[in-house]
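Input: a single structure, listed below in C-alpha cells.
Treat the numbers as computed from the prediction; the structure is a model and nothing was measured. A note on names: the letters A, B, ... follow the listed sequences, proteins ahead of strands, and every chain is numbered from 1.
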There are 2 protein chains.
Amino acid sequence: MARERKISTEELYQTTKQLLLDRGYDGYTFTLLANRLDVSRAAIYKYYENKEELLSEYMVYELQTFIYNLKIVNQEKSFFDQFHALFNYIFNDMSIYRIREIGMQIPTVNQKVAENKQKLEKMHIQLYTLLQKFIEFGKSENVLKKDLPSSLVLGLIFQTVNIPNLERIPHSEWVEKMKEIMCHGMFNKE
Amino acid sequence: MARERKISTEELYQTTKQLLLDRGYDGYTFTLLANRLDVSRAAIYKYYENKEELLSEYMVYELQTFIYNLKIVNQEKSFFDQFHALFNYIFNDMSIYRIREIGMQIPTVNQKVAENKQKLEKMHIQLYTLLQKFIEFGKSENVLKKDLPSSLVLGLIFQTVNIPNLERIPHSEWVEKMKEIMCHGMFNKE
DNA sequence: CTCCAAAGTTACACATGTGTCACTTTATAT
DNA sequence: ATATAAAGTGACACATGTGTAACTTTGGAG
C-alpha cells in the first residue's frame, strides 16, 4: 500500500559506481546523484541517512559480486587456467581495485556504516584467503616462484589494471602483453 | 625595503606536497595550507590568485626536479645499471607518479594556470622522450623484449610504487623482489 | 470511495571553502 | 626619524554541499 519508487536500488548502485569512477570519493555528492537520477536530493535521504551509508552498502554489494565471480574462476582446473581466467576477469571490469581504494576512505559516521565496514572487512579477509590459496596453488604446482611474497604478486596483478593505455593498443593485445610480463618478465632470457 | 616573509616558497611547496599526498586534490585547501603554515589564508593570496595557480607552479617545480634526477640516472653506462638506478630512484620517493596524476586534475582557471599547464605538457613530453630512449636502449642492447610496447613497460614500472606493502616487508627486499618480477616474471622457468 | 503510508518535493538552517578589500605591521632606503 | 612598499590580518559576501522538517502526491487495502 504505497507509491511506486522512481528509482530501483540497482539504478542507484549503477549511477553510484559511475559517479565514483568519474569523480572519486570527494566528487561523489548526493546533489549530483539526485540530479543524475532525476529525483530530489531529499528523496535519497528516505533510504540512506547519508552518503557514507549508501556507499558502504554499495561496496558490500560490489565486493559480494566480485567474490562470487572469483569463486567461479577458482573452479578452473589448472593454475594456468585460473591465472588467465582471473587476469581476464579483472581486465574485463577494471573497477574493483579503484572501488576498493575509494571504499577505504569512507569515515564511520554511524552504527550502520560501522556494521557495513565490518562486513567489508570480513569479506576482504575472505577474498584475501581465496587469493592466497590461489597463489599457494600456483607455488605448489611449481608454476609460481616460491620466494615471492603473495601480497606483492596480488598487488601487482591488481595494480596492472590502472596502467593507462595511452597508445590505445587493442585491449586483447594489451592484456596478453601484460600477462607475458607478469609471467616471464620484460627481459630476454639470456 | 619590505617586511620579511614568514614562509619561504620551499616551505610552501613541501607543505603542499604533504597535503596533496595526505588528502588528494580535493582535500587540498588554502584553509588547511594556511593553518599548517601558521599564516592567514589571505596571505597566500598575496602570491597566488588561487590554489590552481599554486599547484600548477608546484607541479612544474616537482617535474623539473624529477627530470633533473632522471638525467643523472641516464648517465649510467649499461642498461642494467640505468634500470636499477631508475627503479631505486622511483622507489626512494614514491610520490612522483601520484603527484602527476593529481596534477592532471587541475582545471585551467586563468592565463597563468594555462601557461603552467603548457609548460607541464612540454616537460612531460621531454620526460617521455627520455624514458622512451631508455626503453629503446634496453631493446637495442637486447635486454628488453622487443615486442613490448614502451608505454606498457613504463606504465608498469611507475605503477609498481603504488602497490601497498601490507605485510610490511622490508623496503630493500620489497624493491628487489619487485625488480625480479619486472625482469624475469613471477613464473618459474620450465 | 477513501484512507493512509510510503514516495517524493520544496525550503530552511547550517557548515566549509573561496576570493576580496580595507586595514595593520614591519624592515629598510632615504 | 620617517616614509613606503611589501607582508600579513580580519571580516564580508558568495558558492556549494548537508541534513531535516513540513508539505504534497500516489496507489493499493479495506
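- Here the C1' atom of nucleotide D/dG10 and the CD1 atom of B/Ile44 are 15 Å apart, to the nearest Å.
- Judged by closest nucleotide on DNA chain D, B/Ile7 is the one of B/Ile7 and A/Glu52 placed further toward the 5' end.
- Between the side chains of A/Asn162 and A/Tyr97, no donor-acceptor pair is found at a separation under 3.5 Å.
- Note on B/Glu121 versus B/Lys117: no salt bridge recorded, every NZ/NE/NH1/NH2 to OD/OE distance being 4.0 Å or above.
- Looking at heavy-atom distances under 4.0 Å, B/Tyr48 makes no contact with the nucleic acid at all.
- Checking B/Glu4 against B/Tyr45, the closest nucleotide of DNA chain C that is more toward the 5' end is the one next to B/Tyr45.
- For the pair B/Leu55 CG and C/dT18 P, the computed distance is 11 Å after rounding to whole Å.
- Remark: P of C/dG17 and CD of B/Glu49 are 22 Å apart, rounded to the nearest angstrom.
- Between A/Leu37 atom CG and C/dG8 atom C1' there is a gap of 13 Å when expressed in whole angstrom units.
- One donor-acceptor pair, N or O on each side, does fall under 3.5 Å between the base of C/dG19 and the side chain of B/Arg41.
- Mapped onto DNA chain D by nearest heavy atom, A/Tyr28 and A/Ala42 fall at different nucleotides, with A/Tyr28 at the one closer to the 5' end.
- The base of C/dA6 has none of its N or O atoms less than 3.5 Å from a complementary donor or acceptor on the side chain of A/Arg3.
- A search for side-chain contact (heavy atoms from CB on, under 4.5 Å) contacts involving A/Leu20 returns A/Thr16, A/Tyr28, A/Leu55, A/Tyr58, A/Ile99, A/Ile102, not counting sequence neighbours.
- Atom pair B/Glu11:CD and D/dG8:C1' shows a separation of 15 Å (rounding to whole Å applied).
- The salt bridge (Lys or Arg N to Asp or Glu O under 4.0 Å) analysis of residues 68-87 of chain B, with sequence neighbours excluded, yields no pairs.
- Taking the charged nitrogens against the carboxylate oxygens, A/Glu49 and A/Lys112 have no contact shorter than 4.0 Å, which rules out a salt bridge.
- Contact between the side-chain N/O atoms of A/Lys6 and the OP1/OP2 oxygens of C/dT9 is found at a separation under 4.0 Å.
- Put simply, A/Thr31 has no side-chain N or O that comes within less than 4.0 Å of OP1 or OP2 on D/dT16.
- When rounded to the nearest whole Å, the span between OH of B/Tyr47 and P of C/dT20 equals 17 Å.
- For a distance-only test at 3.5 Å, the side chain of A/Lys46 qualifies as a donor-acceptor partner of the base of C/dG8.
- Heavy atoms of A/Thr29 sit under 4.0 angstrom from primed sugar atoms or phosphate atoms, though from no base atom.
- Summarising the geometry, the separation between CG on A/Leu33 and P on D/dT18 is reported as 10 Å, rounded to the nearest angstrom.
- Per the geometry, CZ belonging to A/Phe30 stands 22 Å off P belonging to C/dC14, to the nearest Å.
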